[in-house]
J.: 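Got a structure for you, questions after.
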Number of protein chains: 2
Amino acid sequence: MADYKKRFETIIEKLRGNGHKITPQRLAIVKILAKSENHPNVENIYDQIKGDFPTMSLATVYRNIVLIKSLGEVLELGFPDGSNRYDGNQPAPHPHVICIKCKKIVDPDLDSLDKMQKEVAEETNFKILNHRLDFFGICSECMTEKG
Amino acid sequence: MADYKKRFETIIEKLRGNGHKITPQRLAIVKILAKSENHPNVENIYDQIKGDFPTMSLATVYRNIVLIKSLGEVLELGFPDGSNRYDGNQPAPHPHVICIKCKKIVDPDLDSLDKMQKEVAEETNFKILNHRLDFFGICSECMTEKG
DNA sequence: ATTTTAATTGATAATAATTTGCAATTAACA
DNA sequence: TGTTAATTGCAAATTATTATCAATTAAAAT
């Protein structure tokens with residue numbers, strides 16, 4: 001339950017501070033990203049907005065995501081199959097748990113990653129800058145479903 | 001330093017056992033995958049083979065990888081940018097450390113993942129089936145380079 | 001309030017890795 | 001050696017994302 005409003009304002013301020021205009025389309029995209037507890041994809045964002053902006057282009061969603069990513073204000077979860085999910089609420093890297101049936105994405109609490117990262121850095125002599133940890137499985141809802 | 005020959009034979013046997021023919025092209029692909037300590041991509045595999053098989057198609061590499069993947073004998077490391085790297089030597093999921101400059105991929109020793117996976121399963125009520133852990137950074141060689 | 005200017009948008013074309021369809025080839029078995 | 005289903009090679013199709021460019025517009029300056 002994060003503070004959507006604060007995230008929204010942070011992103012908007014960062015956009016302004018970097019000389020970007022706040023268009024209505026952009027505003028709508030930022031609103032969705034600031035929540036994004038459900039980790040939406042581009043289509044989800046587009047679908048939510050095109051009701052209010054019928055002429056809106058998918059390219060606009062893509063471009064705004066690229067921009068907001070470049071400001072470090074959204075975490076892009078890209079998957080090998082080409083799908084992408086976004087988290088503008090928690091833009092720092094963090095682990096995810098993904099249901100392979102319903103595609104739900106959940107943020108678990110895990111704090112042992114820092115230690116692990118240090119171990120890996122020592123062993124491999126890498127300077128570690130980033131990481132990505134996904135667990136794949138089946139959520140309890142999908143588990144109890146028939147079929 | 002794994003046992004290439006054993007991996008090679010294992011994969012070939014599994015192919016035979018599932019009614020697949022051992023063509024010369026396939027044999028060459030399996031050989032490369034059985035080593036694959038350097039985590040080759042499709043292009044790497046294709047380039048290594050087309051000297052011996054000038055008419056060889058990229059599609060054949062793709063198709064064979066799909067097949068061997070379906071038998072669980074190669075680990076596909078797909079990345080959000082669309083690139084893929086393969087490990088037929090260690091086909092079970094394991095962490096990777098990736099240099100963002102030279103794209104080298106290294107396998108660190110890490111054993112605390114099992115515990116972490118159990119914790120996550122308990123907390124989220126997911127049945128965890130798989131995982132993916134990548135650390136991104138700069139290797140020692142790239143670190144000491146100029147530029 | 002107008003004007004000015006650069007950023008942004010929308011529509012469409014381009015991109016590029018992977019996949020698919022199909023005819024020709026071939027490994028493996030009888 | 002013949003038979004048959006699997007495999008190959010080529011080219012076309014696919015598909016998410018990116019780039020192009022003229023028209024629009026937010027926001028600062030006047």
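Values reported hereafter were calculated over all heavy atoms of this structure, with side chains retained and with hydrogens, waters and symmetry mates removed. Throughout, protein chains are lettered first and strands after them, A, B, ... in sequence-line order, and every chain is numbered starting at 1.
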J.: Quick one: which of D:dG9, C:dG10, C:dT9 gets closest to the side chain of A:R26?
T.: C:dT9
J.: Rounded to whole Å, please give me the gap between CE in B:M56 and P in D:dA11.
T.: 16 Å
J.: Under the side chain to side chain donor-acceptor pair (under 3.5 Å) criterion, do A:R26 and A:N64 qualify, and how do the steps go?
T.: CA-CA 7 Å; A:R26 177 163 290 165; A:N64 274 283; 2.5 Å; yes
J.: So which protein nitrogen or oxygen atoms get under 3.5 Å of nucleotides 19-24 of chain D's nitrogens or oxygens?
T.:
| unit_1 | atom_1 | unit_2 | atom_2 | d |
| --- | --- | --- | --- | --- |
| D:dT20 | O4 | A:R63 | NH1 | 3.3 |

J.: Okay, side chain of A:R85, backbone of A:V42: is any donor-acceptor separation there less than 3.5 Å?
T.: no
J.: Which pairs with one or both residues in residues 50-64 of chain A pass salt bridge (charged side-chain N to carboxylate O under 4.0 Å, His left out), sequence neighbours excluded?
T.: A:D47-A:K50
J.: Show the distances under 3.5 angstrom between N or O atoms of the protein and N or O atoms of nucleotides 26-30 of chain D.
T.:
| unit_1 | atom_1 | unit_2 | atom_2 | d |
| --- | --- | --- | --- | --- |
| D:dA26 | N3 | A:K21 | NZ | 3.0 |
| D:dA27 | OP1 | A:I22 | N | 3.0 |

J.: Check whether the side chains of A:H39 and A:D107 place a donor and an acceptor atom closer than 3.5 Å, and report yes or no.
T.: yes
J.: Kindly say whether A:L71 contributes a backbone atom to a donor-acceptor pair with the side chain of A:K14 at under 3.5 angstrom?
T.: yes
J.: Main chain of B:M56, side chain of B:T60: is a donor-acceptor contact present, judged purely on distance under 3.5 Å?
T.: no
J.: Please state how far atom OH in A:Y46 lies from atom P in C:dA11, giving the value in whole angstrom units.
T.: 8 Å
J.: Is any side-chain N or O of B:Q25 closer than 4.0 Å to OP1 or OP2 of C:dT26?
T.: no
J.: Is it true that A:K104 and A:E141 make a salt bridge, defined as a side-chain N closer than 4.0 Å to a carboxylate O?
T.: yes
J.: For D:dT17, take OP1 and OP2 only and decide whether either is under 4.0 Å from a side-chain N or O of A:N84.
T.: yes
J.: I want to check one thing: is the phosphate of D:dG9, taken as OP1 and OP2, less than 4.0 Å away from some side-chain N or O of B:T60?
T.: yes
J.: How many whole angstroms separate atom CD1 of A:I29 from atom P of C:dT8?
T.: 12 Å
J.: Could you tell me how far apart B:L67 (CG) and D:dT8 (C1') are, to the nearest whole angstrom?
T.: 13 Å
J.: Nearest whole angstrom, please: distance from the C1' of D:dT7 to the CZ of B:F53.
T.: 13 Å
J.: If you compare every side-chain N and O of B:N64 against the phosphate oxygens of D:dT8 (OP1, OP2), does one of them come in below 4.0 Å?
T.: yes
J.: To the nearest Å, give me how far apart CD1 (B:I12) and P (C:dA28) are.
T.: 10 Å
J.: Side chains of A:N89 and A:R7: is there a donor and an acceptor less than 3.5 Å apart?
T.: no
J.: Specify the separation, in whole Å, of atom CG of B:L58 and atom P of D:dT7.
T.: 19 Å
J.: Using only heavy-atom distances, determine whether the side chains of A:H131 and B:D134 contain a donor-acceptor pair under 3.5 Å.
T.: no
J.: Starting at CD1 of A:I68 and ending at C1' of C:dT8, how long is that distance when rounded to a whole Å?
T.: 13 Å
